[in-house]
Visitor: 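Sharing a structure with you now.
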Amino acid sequence: MLFDFPDFDDHELVLFGRDTATGLSAIIAVHSTALGPACGGCRMWPYANDTEAMRDALRLSRGMSYKNAMAGLPLGGGKSVIIGNSRTDKSDDLFRAFGRVIDSLGGRYIAAEDVGITVADVMTMGQTTRHVAGLTGGHDASGDPSPFTAYGVYLGIKAAARHKLGADSLKGVRVAVQGLGNVGSHLCQHLADDGAVLTVTDIHADNVQRAVDRFAAVSVAPERIHAAEVDVYAPCALGAVINPRTLAELKATVVAGGANNQLETDAMGEALRSAGVLYAPDYVINGGGIINVSAEVTHAYDRESVLRQVERIPATLSEIFRRADREARPTSAVADEMAREILAAGKDGQKKAAA
Ligand code: NAD
């Protein structure tokens with residue numbers, strides 16, 4: 001039963017969209033609109049079954065509520081999934097059909113790109129709904145969010161290094177960057193500019209070679225990056241990289257990177273804390289991208305003010321670190337609690353405005 005799903009967590013609505021003519025099967029999950037219209041990416045993935053697709057939509061949607069709340073944005077949390085193979089099942093008609101499903105919510109959900117979905121796909125959805133974001137053309141288009149994500153992650157690493165290592169600058173601080181794609185490569189540039197000593201990895205040799213050449217980085221095999229002799233481990237590729245196996249081999253005392261869903265389970269938050277590792281909660285440190293998208297949604301795109309907002313990420317992280325120390329609790333649990341407090345205050349505000 002949907003309402004009993006562990007990930008349901010009082011979602012405001014879940015919409016199942018089907019269009020037989022184009023083969024569309026999609027789920028839109030809106031966790032909360034307490035702070036504004038729900039905004040989150042659309043993922044296209046060949047889920048093994050409908051239950052797996054629904055679980056992913058619910059989990060990701062709540063994650064967006066927390067991320068948007070902690071970034072101080074006037075946006076709620078939502079996410080959508082299209083069940084299908086992004087290499088073989090895409091068509092313009094399918095995305096136009098999905099645009100109509102989004103449109104039926106009248107703006108309660110705004111879609112952007114996520115795994116398996118490109119900006120071009122979102123532009124096609126935009127032919128049948130105006131409730132899309134993260135575009136590259138047109139008035140207020142915010143473009144590639146990755147440089148903003150990377151800038152926030154860099155500032156977050158500095159805040160974490162200050163808190164844990166007492167380091168006022170990153171000069172000489174050893175950082176292992178896992179994944180040298182959009183976020184990881186921009187992050188390396190910031191870190192290198194600050195004098196950090198880089199260890200890097202990627203599954204693509206050309207990405208690794210570029211980082212070695214440009215930043216005098218040392219490379220290690222992808223499956224050994226978590227065990228590198230460094231101060232900071234910065235996951236910028238996959239999720240679930242913090243698990244009992246990697247934690248047993250971790251040398252870093254700070255985990256701070258751009259990847260989503262870094263903890264394999266919630267219990268890894270406490271496991272990191274008791275191992276003396278400071279964890280910068282992923283959805284807080286990687287909020288720079290959604291801050292950039294938000295400026296497009298609110299039709300107030302201004303690069304400088306986006307940067308000023310991204311620069312608030314370290315203060316939020318420092319507050320989490322201090323509260324976690326004070327209460328002897330995992331930073332991940334403290335961040336979740338702070339996000340829920342912000343959402344509850346937003347809900348109260350909505351109720352008062354309606355009364
Ligand atoms: P990307 O696809 O551009 O880069 C990911 C890189 O990781 C690729 O170069 C890939 O080859 C590499 N990789 C994949 N598997 C690997 C492995 N096992 N070991 C080492 N490297 C591996 O993606 P991105 O946009 O840079 O995003 C990276 C992470 O940050 C993702 O978890 C994403 O969800 C998250 N994130 C991105 C943004 C953004 O603005 N792009 C915002 C928030 C969160």
Side-chain angles (χ1 to χ4, degrees), residues 39-45 56 59-60 63-64 66-68 70-71 73 75 77 79 81 86 112-119 122 133-136 142-157 176-191 198-212 214 217 219-228 233-243 245-246 255-264 280-296 306-307 309-310 313:
C39 184
C42 170
R43 176 170 290 196
M44 186 164 187
W45 195 257
D56 212 27
R59 197 177 50 85
L60 293 166
M64 286 310 299
Y66 287 8
K67 183 184 288 210
N68 292 340
M70 292 304 277
L73 300 174
L75 294 177
K79 202 92 181 185
V81 299
S86 63
E113 54 271 36
D114 194 67
V115 177
I117 294 290
T118 65
V119 174
V122 178
L135 308 179
T136 50
S142 59
D144 180 9
S146 312
F148 298 91
T149 304
Y151 181 49
V153 173
Y154 156 67
L155 296 175
I157 289 176
V177 180
Q178 177 180 36
L180 301 164
N182 292 318
V183 174
S185 58
H186 287 291
L187 174 64
C188 283
Q189 183 69 61
H190 287 297
L191 295 171
L198 299 183
T199 300
V200 298
T201 198
D202 197 286
I203 49 171
H204 293 299
D206 51 339
N207 286 353
V208 174
Q209 196 53 49
R210 210 170 305 126
V212 168
R214 281 172 60 188
S219 71
V220 295
E223 61 280 8
R224 297 307 301 157
I225 188 77
H226 63 276
Y233 170 37
C236 295
L238 317 166
V241 290
I242 300 297
N243 53 54
R245 188 184 59 78
T246 55
V255 174
N260 279 316
N261 302 323
Q262 291 171 31
L263 306 186
E264 187 178 62
D282 45 17
Y283 62 81
V284 181
I285 193 170
N286 74 14
I290 192 69
I291 290 173
N292 194 53
V293 171
S294 169
E296 174 179 327
V306 168
L307 289 173
Q309 232 177 319
V310 175
I313 289 175

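In listed order, ligands and their atoms are each counted from 1. Residues: numbered from 1 along the sequence shown. For clarity, every value in this text was computed on a predicted model and none was experimentally measured.
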Visitor: Got an N/O contact under 3.5 Å between Lys67 and ligand 1?
Guide: no
Visitor: Within the structure, does Cys236 bring an N/O atom to less than 3.5 angstrom of an N/O atom in ligand 1?
Guide: no
Visitor: N/O of Asp202 under 3.5 Å from N/O of ligand 1, yes or no?
Guide: yes
Visitor: First locate atom CG of Asp144, then atom NE2 of His186, and finally report the distance between them rounded to the nearest 0.5 Å.
Guide: 6.0 Å
Visitor: Is the shortest distance from atom 41 (N) of ligand 1 to a protein heavy atom below 4.0 Å?
Guide: yes
Visitor: List ligand 1 atoms under 4.0 Å from His204, heavy atoms only on the residue side.
Guide: 11 (O)
Visitor: Would you say that Leu187 contacts Ile157 through its side chain, given a criterion of any heavy-atom pair below 4.5 Å between the two side chains?
Guide: yes
Visitor: What distance do Ser294 atom OG and Gln309 atom CD have between them, rounded to the nearest 0.5 Å?
Guide: 6.5 Å
Visitor: Among all the protein's non-hydrogen atoms, which is closest to atom 34 (O) of ligand 1, and how far away is it?
Guide: Asn260 ND2, 2.9 Å
Visitor: Does the protein place any heavy atom closer than 4.0 Å to atom 2 (O) of ligand 1?
Guide: no
Visitor: What pairs with Ile313 under side-chain contact (heavy atoms from CB on, under 4.5 Å), at least two apart in sequence or on another chain?
Guide: Ile291, Val310, Leu317
Visitor: Got the closest protein heavy atom to atom 4 (O) of ligand 1, with its distance?
Guide: Gly181 CA, 3.2 Å
Visitor: Please classify the Leu238 to ligand 1 contact at 4.0 Å (heavy-atom distances, strictly less than): side chain, backbone, both or neither.
Guide: side chain
Visitor: Write down the atom of Ala237, the atom of Gly179, and the distance for their closest heavy-atom approach.
Guide: CB-CA, 4.0 Å
Visitor: Going by heavy-atom distance to atom 17 (C) of ligand 1, choose the closest among Val153, Ile203, Asp114, Val115.
Guide: Ile203
Visitor: Would a 4.5 Å heavy-atom cut-off, applied to side chains only, mark Val81 and Asp114 as touching?
Guide: no
Visitor: Side chains of Pro235 and Val255: does their closest heavy-atom pair fall under 4.5 Å?
Guide: yes
Visitor: Are any of the N or O atoms of Thr149 closer than 3.5 Å to those of ligand 1?
Guide: yes
Visitor: Got an N/O contact under 3.5 Å between Val183 and ligand 1?
Guide: yes
Visitor: I'd like to check which ligand 1 atoms, numbered from 1 as shown, lie under 4.0 Å from a non-hydrogen atom of Pro145.
Guide: 40 (O)
Visitor: Under 4.0 Å from a heavy atom of Asn207: give me the atoms of ligand 1 that qualify, with their elements.
Guide: 9 (O)
Visitor: For ligand 1, which atoms sit closer than 4.0 Å to a heavy atom of Ala259?
Guide: 29 (C), 30 (O), 32 (O), 35 (C)
Visitor: Working to the nearest 0.5 Å, report the span between CG of Asn260 and CE of Met64.
Guide: 8.5 Å
Visitor: For atom 30 (O) of ligand 1, what's the nearest protein heavy-atom neighbour? Residue, atom name and distance, please.
Guide: Gly258 O, 3.2 Å
Visitor: Does the N or O separation between Thr201 and ligand 1 drop below 3.5 Å for any pair?
Guide: no
Visitor: Side chains of Glu264 and Thr246: does their closest heavy-atom pair fall under 4.5 Å?
Guide: no
Visitor: So, the side chain of Asn207 versus the backbone of Asp202: is there a donor-acceptor pair under 3.5 Å, distance only?
Guide: no
Visitor: Any nitrogen or oxygen of Ala237, side chain or backbone, less than 3.5 Å from one on ligand 1?
Guide: yes
Visitor: Can you tell which part of Leu180 has a heavy atom less than 4.0 Å from ligand 1: side chain, backbone, both or neither?
Guide: backbone
Visitor: Look only at the side chain of Glu296 and the backbone of Ser142, and say whether a donor-acceptor pair between them is shorter than 3.5 Å.
Guide: yes
Visitor: Of all residues at least two apart in sequence or in a different chain, which pass the ring-ring contact (aromatic ring centres under 6.0 Å, His included) check with His190?
Guide: Tyr151, Tyr154
Visitor: Starting from atom 19 (N) of ligand 1, find the nearest protein heavy-atom neighbour and note its residue, name and distance.
Guide: Pro222 CB, 3.8 Å
